[in-house]
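In what follows, a single structure is set out as C-alpha cells and then discussed.
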Amino acid sequence: MELLSSTALHFKPSLSRLSPLSASVPVSNHLRPKKIPLNYQKLTSSRRFLIQRPLTRRNFSYFFVSASAVTLNPEMDNLPADIEVTETKEPSSRIRLSVKVPPVVCEDCYKRVIVELMKKAKVPGFRPGKNVPESILVNYVGKKKVQRATIESILQRTLPHAMSSVTGRALRDSFRIVTKFSEMEQSYSPIDFLRYDVVVDVAPEVKWIPENGYKNLKVVVEIDSDIDAQRASEEELKRRHKTLGSLRIVTDRGIKIGDVAVLDISATTIEQDKSNAKTIPISESKGFHFDTEGDSVIPGFLDSIIGIQRGETMSFALVFPESWKQENLRGVHAQFTVECKELFYRDLPELNDSLAERLFPGCTSLDQVRESLLQRCKEVEQTAKEQATDNAILDQLCKMIEVDIPQSLFEEQGRQLYGAKLLEIQANRKLNEEQLASLSSPKAVNEYLERRRENITTMIKQTLAVGDIFKRENLQYPTEDLVKEVEKSIAEFKRHKQEYDEERVKEQVQEILEGAKVLEWLREHADIQYITR
C-alpha cells in the first residue's frame, strides 16, 4: 500500500560498481550500449559499499576516436599532398572541420579507383587483369559509378587526416560528414578542389567557478536520524523479538500500539466543490496488514485509528506532507475511510538470556545480543554516513562547474541508464517480445531521455568534475588494485555468461579507481559539517 513511506535510506545517485548485466535480453540496436554498462564503486582496503552511478568517463579514453577508427584501412594512407582543415567551434562541445582536398589528391584517388576497377572489371574483349584503355573502362562501368567510387576513395583516405587534428579530443562514434554526397558529386572534378564538412563532438572542457574551488570545498551533509546505531540496534532487537512471538485475535477492545490489524483503506480528495472529489487509487488497499509498531504511514493515520475495533469503520481527514514521495500528492487534503477486518495482538516470550541464540546465532546472553546488534548497526551507520558524504560532495562539485555537454555524450549516458532499467524490468517481470519491442522503441527511449534530462546531465557533470580533479591533482592508485578489480569484473562477466571487451573493462575499472581516489582526497581536504534531520 502506497500510504507507507519507506524507512530505507535514500541517497541521491553518486558513483557505483562495474558489474555485468543482470539478465541477457535482446535489446534494439539504438539501445544497445556501445560500452559495458559502468558504475563507480568506492573501494577501500577493508570494505566496499555501493553508490549508484552507471557511467564514468575521466578522460574518455575508450570513447576517443583515433584517426584510424574512421577508415577501413588499419593505418592512415599517405597522400601526395596535404589537405587543408579549418576548425570551427560550435555549441555543445562540437567542432566543425571544413576540409579542402587539393586536386592532386583527387587525381591520385581517381587513378587508384581506375587501377582497382581494371583488376576486377570483366570488360568484354579483354582478359581479366589486363590493361583496359581508361575511356573504355569508364564507359563500361559507367561514368557516374566511377565518380562516386572516386569520391568515396577521397573521403576514406582524407577523413583520417582531417580527424587527426582532434585525436584525443573527439568522442568515438560522434563524427559525421554533414556535406551531402549529392553536393560533392555536383562539385567534383579530378582537377579541382573537393570540399566537405565534418562535425564531431569533443571531450568538454570543465570550468571551475571559482577556479580551483574544489580545493576549498565546504559541504553540509544531512544524516537521517533513522541510521543512528543505538536507536537502530534497539529497533532491530525489538523486531527480532517480535518474530519469536505469535499473533492472537483481539476480541474485547480496540486497536492499540503493538497490535497488527487487517484493514480496508480508501481515500478521496477533499475539494471545496464536493462534486469534484476524486478517489486516490494509490492510497487504496484491501486486506492491508498494518503493524502499528513497524509500518510508517502518512502522519496522523495511526493516531486516527487508535481504538478502532474489529468490524468497525472510521472516516477522517488528513493532509499529505510536502515531503511525501509522490509529488502529485504533496499538500493534498484527503478523506480516508478505514474498515478494520481483523485485529491481533502479539503474544511474546519473555525477553531474557534464554532467547539469545534465537535472537542472534552464537550469542549466549541478551547483553551479547545487544552488543552484536549495536556493532552491526554501527557499521551500517558509518557506511551510510560516508555514502551520504560522497553524495553531498558530488552534488556540491556539480554546482561549481560549467561544462558544455556534447549531445552524443548525453545520449550515450541516457541510453546506458535506460538499457540497464529495461534489463532490470525484464529480469523481474519477464516481458514478452511485444512488450520489449515497445519499451525499446526510439520513441520510448527519447521520451525517457527528455524526462530524465536533468538527472542525466547532473550525472555527467559530476563525472567530469571528478575526472578533472584526478588529473589536476596528479592522483595515483596502486597497480595491483587495478589488476585485482579487472580480474574480479571479468570473472563476474564469465559467471553471468556476458560478453565483454577486456580492454574496455580495464579502462572502466581505471575510472572506478580514479573516482574512488578523488572522493578520498576530497573527504580529506573538504570542510564537512554533519547535521541530523
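What's counted below: heavy atoms across the whole structure, side chains too, no hydrogens, waters or symmetry copies.
- A donor atom on one side chain and an acceptor atom on the other are found under 3.5 Å apart for Tyr196 and Thr158.
- The environment of CD in Glu480 is crowded: more than 12 heavy-atom neighbours from other residues, nucleotides or ligands sit within 6.0 Å.
- In this structure, Glu87 CD and Ile95 CD1 are separated by 4.0 Å, a value rounded to the nearest 0.5 Å.
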Run the numbers on Ser187 and Leu194 for side-chain contact (heavy atoms from CB on, under 4.5 Å), then give the verdict. CA-CA 7 Å; Ser187 63; Leu194 180 72; 4.1 Å; yes

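- Residue Asn212 places its CG atom among more than 12 non-hydrogen atoms of other residues, nucleotides or ligands, all under 6.0 Å distant.
- Annotation: side chain of Val105 is in contact with side chain of Cys109 (closest heavy-atom distance under 4.5 Å).
- By the 4.5 Å heavy-atom criterion applied to side chains, Lys100 and Thr86 are not counted as neighbours.
- Rounding to the nearest 0.5 angstrom, the gap separating the CD atom in Glu327 from the CZ atom in Phe320 is 14.5 Å.
- The closest side-chain heavy-atom distance from Leu79 to Asp108 is not below 4.5 Å.
- For the pair Tyr418 (side chain) and Leu439 (backbone), a donor-acceptor distance under 3.5 Å is present.
- A side-chain N or O of Ser98 and one of Asp197 form a donor-acceptor pair less than 3.5 Å apart.
- Residues Glu322 and Arg330 approach most closely at O-CD, 3.0 Å, considering heavy atoms.
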Worked check of side-chain hydrogen bond (donor to acceptor under 3.5 Å, both in side chains) between Gln156 and Glu152: CA-CA 6 Å; Gln156 187 180 61; Glu152 289 176 359; over 6 Å; no

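- Side-chain contact, Glu134 with Tyr110: a donor N or O sits under 3.5 Å from an acceptor N or O.
- Rounded to the nearest 0.5 angstrom, Lys484 NZ and Leu513 CG are separated by 10.5 Å.
- Residues Glu424 and Lys421 are not paired through a salt bridge, judged by the lack of any N-O separation under 4.0 Å between the basic side chain and the carboxylate.
- Taking 4.5 Å as the limit, some side-chain heavy atom of Glu411 sits within range of a side-chain heavy atom of Gln407.
- Formation of a donor-acceptor pair under 3.5 Å by the Ser153 side chain with backbone atoms of Ala149 is not found in this model.
- Shown here for Leu97 and Ala162, the closest heavy-atom pair between the two residues is CD1-O, 3.6 Å.
- A donor-acceptor contact under 3.5 angstrom links the side chains of Asp201 and Ser408, judged on distance only.
- Using a cut-off of 4.0 Å between Lys/Arg side-chain N and Asp/Glu carboxylate O, Glu90 and Arg96 are scored as salt-bridged.
- By the 6.0 Å and 45° rule, Lys385 stacks over the aromatic ring of Tyr530.
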Given salt bridge (Lys or Arg N to Asp or Glu O under 4.0 Å), test Glu502 with Lys506 step by step and report yes or no. CA-CA 6 Å; Glu502 185 170 348; Lys506 180 180 177 181; over 6 Å; no

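- Atom CD of Glu433 has 12 or fewer neighbouring heavy atoms from other residues, nucleotides or ligands inside a 6.0 Å radius.
- Ser164 contributes a side-chain N or O that, together with a main-chain N or O of His161, makes up a donor-acceptor pair within less than 3.5 Å.
- Residues Glu473 and Tyr214 have side chains that bring a donor and an acceptor to within less than 3.5 angstrom of each other.
- Contact record, Trp208 with Arg472: CD1-NH2, 3.4 Å, taken as the closest heavy-atom pair.
- A salt bridge does not link Arg453 with Glu447: none of the charged nitrogens is closer than 4.0 Å to a carboxylate oxygen.
- The shortest distance between side-chain heavy atoms of Leu171 and Val200 does not fall below 4.5 Å.
- Remark: the backbone N or O of Pro442 is paired with a side-chain donor or acceptor of Asn446 at under 3.5 angstrom.
- In this structure, a donor-acceptor pair under 3.5 Å is present between the side chains of Glu386 and Gln382.
- Under a 4.0 Å N-O distance rule, the pair Asp404/Arg94 does not qualify as a salt bridge.
- Inter-residue side-chain proximity for Phe410 and Ser92 is flagged as unmet; no heavy-atom pair is nearer than 4.5 Å.
- Remark: Leu422 CG to Arg415 CZ distance equals 13.0 Å, nearest 0.5 Å.
- Within the 4.5 Å cutoff, side-chain heavy atoms of Val138 are placed close to those of Ile114.
- The shortest non-hydrogen separation linking Val221 to Ala392 is CG2-CB, 3.8 Å.
- Of the possible polar contacts, none joining the Ser438 side chain to the Glu434 backbone as a donor-acceptor pair under 3.5 Å is found.
- How far CG of Leu519 is from CG of Asp390: 4.5 Å, rounded to the nearest 0.5 Å.
- Within a 6.0 Å sphere centred on CD1 of Ile191, heavy atoms belonging to other residues, nucleotides or ligands number 12 at most.
- A side-chain donor-acceptor contact under 3.5 Å links Arg157 to the backbone of Asn78.
- Counting all heavy atoms, side chain and backbone alike, Leu137 lies closest to Met118 at CD2-N, 4.0 Å.
- For the pair Lys461 and Leu397, the minimum side-chain heavy-atom distance is 4.5 Å or more.
- Considering all non-hydrogen atoms of both residues, Met400 and Gln396 come closest at CG-O, 3.2 Å.
- Between the side chains of Glu514 and Gln510, no donor-acceptor pair of N or O atoms lies under 3.5 Å.
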List the steps and the verdict of side-chain contact (heavy atoms from CB on, under 4.5 Å) for Val466 and Gln462. CA-CA 6 Å; Val466 167; Gln462 290 175 346; 5.6 Å; no

Would you sort out whether Phe193 and Arg195 count as a side-chain contact (heavy atoms from CB on, under 4.5 Å), showing the intermediate values? CA-CA 6 Å; Phe193 286 92; Arg195 295 173 174 81; 3.7 Å; yes

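- Using a cut-off of 4.0 Å between Lys/Arg side-chain N and Asp/Glu carboxylate O, Arg112 and Asp77 are scored as salt-bridged.
- Salt-bridge annotation for Glu116 and Lys119: present, with a side-chain N of the basic residue lying under 4.0 Å from a carboxylate O of the acidic one.
- The CE atom of Met459 sits 11.0 Å away from the SG atom of Cys398 when rounded to the nearest 0.5 Å.
- Proximity of a side-chain donor or acceptor of Gln147 to a complementary backbone N or O of Tyr188 within less than 3.5 Å is not detected.
- Atom CD of Glu524 has more than 12 heavy atoms from other residues, nucleotides or ligands within 6.0 Å.
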Dump the intermediate steps for side-chain contact (heavy atoms from CB on, under 4.5 Å) on Leu409 and Ile460, then the final yes or no. CA-CA 8 Å; Leu409 181 55; Ile460 295 173; 3.8 Å; yes

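- For Glu205, the CD atom sits in a loose shell: 12 or fewer heavy atoms of surrounding residues, nucleotides or ligands are nearer than 6.0 Å.
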Mind running salt bridge (Lys or Arg N to Asp or Glu O under 4.0 Å) on Glu107 and Lys111 for me, showing each step along the way? CA-CA 6 Å; Glu107 184 179 5; Lys111 289 179 179 178; 3.7 Å; yes

